[in-house]
Protein chains: 2
Amino acid sequence: MNIRTLCLGILSFQEASGYEIKKEIEEGMFSHFIDASYGSIYPALSQLNAEGLVTVRAEEQTGRPDKKVYSVTEAGRAALAKGLLVVPARDKYKSEFLFEMLFKNMLPEAHVRLAIEKQLNDLREDLSRMVECRAEGQTNEGSEFIMGYGEAVLTAGAKYLESKLAELQPKIKLAAE
Amino acid sequence: MNIRTLCLGILSFQEASGYEIKKEIEEGMFSHFIDASYGSIYPALSQLNAEGLVTVRAEEQTGRPDKKVYSVTEAGRAALAKGLLVVPARDKYKSEFLFEMLFKNMLPEAHVRLAIEKQLNDLREDLSRMVECRAEGQTNEGSEFIMGYGEAVLTAGAKYLESKLAELQPKIKLAAE
DNA sequence: CGAGTATATATCAATTTGGCATATAGCAAA
DNA sequence: TTTGCTATATGCCAAATTGATATATACTCG
């Protein structure tokens, strides 16, 4: 599945500019499991427009470039429906954190602690973003499903790290005194 | 963190060819949270060799290209240690599955079921690969840590999907009769 | 008053992927 | 038996993607 289908999907909920799509990907419901940069979003929108799958409407703004608001067309909705019918590719998960932890015994304990705390923080951020989305949210069956999944996975990760951090804690307190 | 550090890390456990590194990434301990293709591994190894961070030894083979076995040098181990000291980048997780599920109500139920079953299967594969690695494994503190994390996260995901599948099941039996 | 953040689009070098080419051999199914 | 699949092994390359930067303005916070 490519970024074009991704944009169609987001636009199918609400018309948006490239900037807003990026924001949605970073802070919205999608943030946990989707990534895309401006360098891929803007060309994708141009292409979709050229193919007639979306339309553009320029909204004038003072002091800023015109906001280009994109909306899906009927053809776009059809393309989305078709694009969603492919068997999804296997999940891709990249974690520098876990790679680093593999070399735990080579690393200073302070660094290990910091890395774990950062990771825990990231997980909690993701979780609270989900809670927010649910609160505001125009939730549907689909969003309930994915947020349930995200919550399950993130909570499990956080719980594991908390227990590991607790094992580390006592040593530090002694070292600090 | 770049692929060069990744290769150094894998080679620090055992000397290997590019092919074997790729296999390790696909099937080994790393498979859950690392991804890299030949197109990035081979250039990385050449570069590491040029920088004196690894050495190469050609192993002759009948019917196949010579196997180029790479080993880390002392400079390589130092570079790895240094490379591991950076604050790890935030995890990246991409899931076409979750994106598709967001549009659950647009999709035929059979497709939804298939997608969930595939996802569940993927998670179980990852889990059993981990169990294998542990069984064979030259395990250390680091590998125990990351496999514990992986197990926690994957198990939570699988559990969630199992419960969702159970909710779906009855309707199907009726439909099949 | 300067630094940082936010809005908004766009480009581009560098990296990375995913597929292909090349070559050989074993194994299973049609 | 021959066709296709899998495995071993390296490598290239077009296409996709990232991450940083450019451009421009306005608001907020110390």
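In the text below, chain A, chain B and the rest are named by the order of the sequence lines, each starting its count at 1.
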If you look only at distance, which donor and acceptor atoms sit under 3.5 Å apart when one is on a side chain in residues 77-92 of chain B and the other is two or more places apart or in another chain?
| from | atom 1 | to | atom 2 | distance (Å) |
| --- | --- | --- | --- | --- |
| B:Arg90 | NH1 | A:Asp122 | OD1 | 3.4 |
| B:Arg90 | NH1 | A:Glu125 | OE1 | 3.3 |
| B:Arg90 | NH2 | A:Asp122 | O | 3.3 |
| B:Arg90 | NH2 | A:Asp126 | OD1 | 3.1 |
| B:Asp91 | OD1 | A:Ser95 | OG | 2.9 |
| B:Asp91 | OD2 | A:Tyr93 | OH | 2.6 |
| B:Asp91 | OD2 | A:Ser95 | OG | 3.4 |
| B:Asp91 | OD2 | A:Gln119 | NE2 | 2.9 |

Please round to the nearest 0.5 Å and tell me the distance separating atom CE of A:Met29 and atom CD1 of A:Ile34. 11.0 Å
Would the distance check show the side chain of B:Glu96 and the main-chain N or O of A:Met1 forming a donor-acceptor pair, the cut-off being under 3.5 Å? yes
Can a donor-acceptor pair be found, under 3.5 Å and without considering hydrogens, that links the side chain of B:Thr73 to the backbone of B:Gly52? yes
Reckon A:Asp66 touches a base, only the sugar-phosphate, or nothing at all at heavy-atom distances under 4.0 Å? sugar-phosphate
Protein-nucleotide distance ([X], atom [atom1]; [N], atom [atom2]), rounded to Å:
{"X": "A:Glu26", "N": "C:dT7", "atom1": "CD", "atom2": "P", "value": "11 Å"}
{"X": "A:Leu45", "N": "C:dT9", "atom1": "CG", "atom2": "P", "value": "9 Å"}
{"X": "B:Tyr19", "N": "C:dA21", "atom1": "OH", "atom2": "P", "value": "19 Å"}
{"X": "B:Lys22", "N": "C:dT16", "atom1": "NZ", "atom2": "P", "value": "14 Å"}
{"X": "A:Arg57", "N": "C:dT9", "atom1": "CZ", "atom2": "C1'", "value": "17 Å"}
{"X": "A:Lys94", "N": "C:dT15", "atom1": "NZ", "atom2": "P", "value": "14 Å"}
{"X": "A:Lys68", "N": "C:dT7", "atom1": "NZ", "atom2": "P", "value": "19 Å"}
{"X": "A:Lys92", "N": "C:dT17", "atom1": "NZ", "atom2": "P", "value": "8 Å"}

Please state whether the phosphate of [N], meaning OP1 or OP2, lies under 4.0 angstrom from any side-chain nitrogen or oxygen of [X].
{"X": "B:Ser37", "N": "C:dG19", "value": "no"}
{"X": "A:Gln61", "N": "C:dT7", "value": "no"}
{"X": "A:Lys23", "N": "C:dT7", "value": "yes"}

Between B:Glu27 and B:Tyr70, name the one whose nearest nucleotide on DNA chain D is closer to the 5' end. B:Glu27
Go through the steps to decide whether A:Phe33 and A:Val153 satisfy the test side chain to side chain contact (heavy atoms under 4.5 Å, CB included), and finish with yes or no. CA-CA 12 Å; A:Phe33 60 95; A:Val153 165; over 6 Å; no
N/O contacts under 3.5 Å, protein versus nucleotides 11-14 of chain C?
none

Which side-chain hydrogen bond (donor to acceptor under 3.5 Å, both in side chains) pairs, counting each pair once, include a residue from residues 4-16 of chain A, with sequence neighbours left out?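 Sorted pair list: A:Asn2-A:Thr5, A:Arg4-A:Glu51, A:Glu15-A:Arg57, A:Glu15-A:Ser71.
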Tell me, please, the opening and closing nucleotides of DNA chain D, 5' to 3', among those with an atom under 4.0 angstrom from a non-hydrogen atom of chain B.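 Both ends considered, the range comes out as D:dA7 to D:dG19.
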Going by atom type alone, with no hydrogens or angles, which donor-acceptor pairs under 3.5 Å involve a side-chain atom of residues 98-108 of chain A and a protein atom two or more places apart or on another chain?
| from | atom 1 | to | atom 2 | distance (Å) |
| --- | --- | --- | --- | --- |
| A:Glu100 | OE1 | A:His111 | NE2 | 2.8 |
| A:Lys104 | NZ | B:Glu141 | OE2 | 3.0 |

Residues A:Arg124, A:Glu162; criterion salt bridge (Lys or Arg N to Asp or Glu O under 4.0 Å); working and verdict: CA-CA 11 Å; A:Arg124 284 178 181 153; A:Glu162 276 159 16; 2.8 Å; yes
Angle separating the five-pair end axes of the helix from C:dC1-D:dG30 to C:dA30-D:dT1, nearest 10°, is 40°
Could you go through the side chain to side chain contact (heavy atoms under 4.5 Å, CB included) check for B:Leu161 and A:Tyr149 one step at a time? CA-CA 8 Å; B:Leu161 292 183; A:Tyr149 188 93; 3.8 Å; yes
A:Glu20 and A:Lys68 ion-paired at < 4.0 Å: no
Check this for me: does any side-chain nitrogen of one of B:Glu144 and B:Arg134 sit under 4.0 Å from a carboxylate oxygen of the other?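 So B:Glu144 pairs with B:Arg134 through a salt bridge.
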Above 12 or not: heavy atoms from other molecules or residues under 6.0 Å from NZ of B:Lys159? no
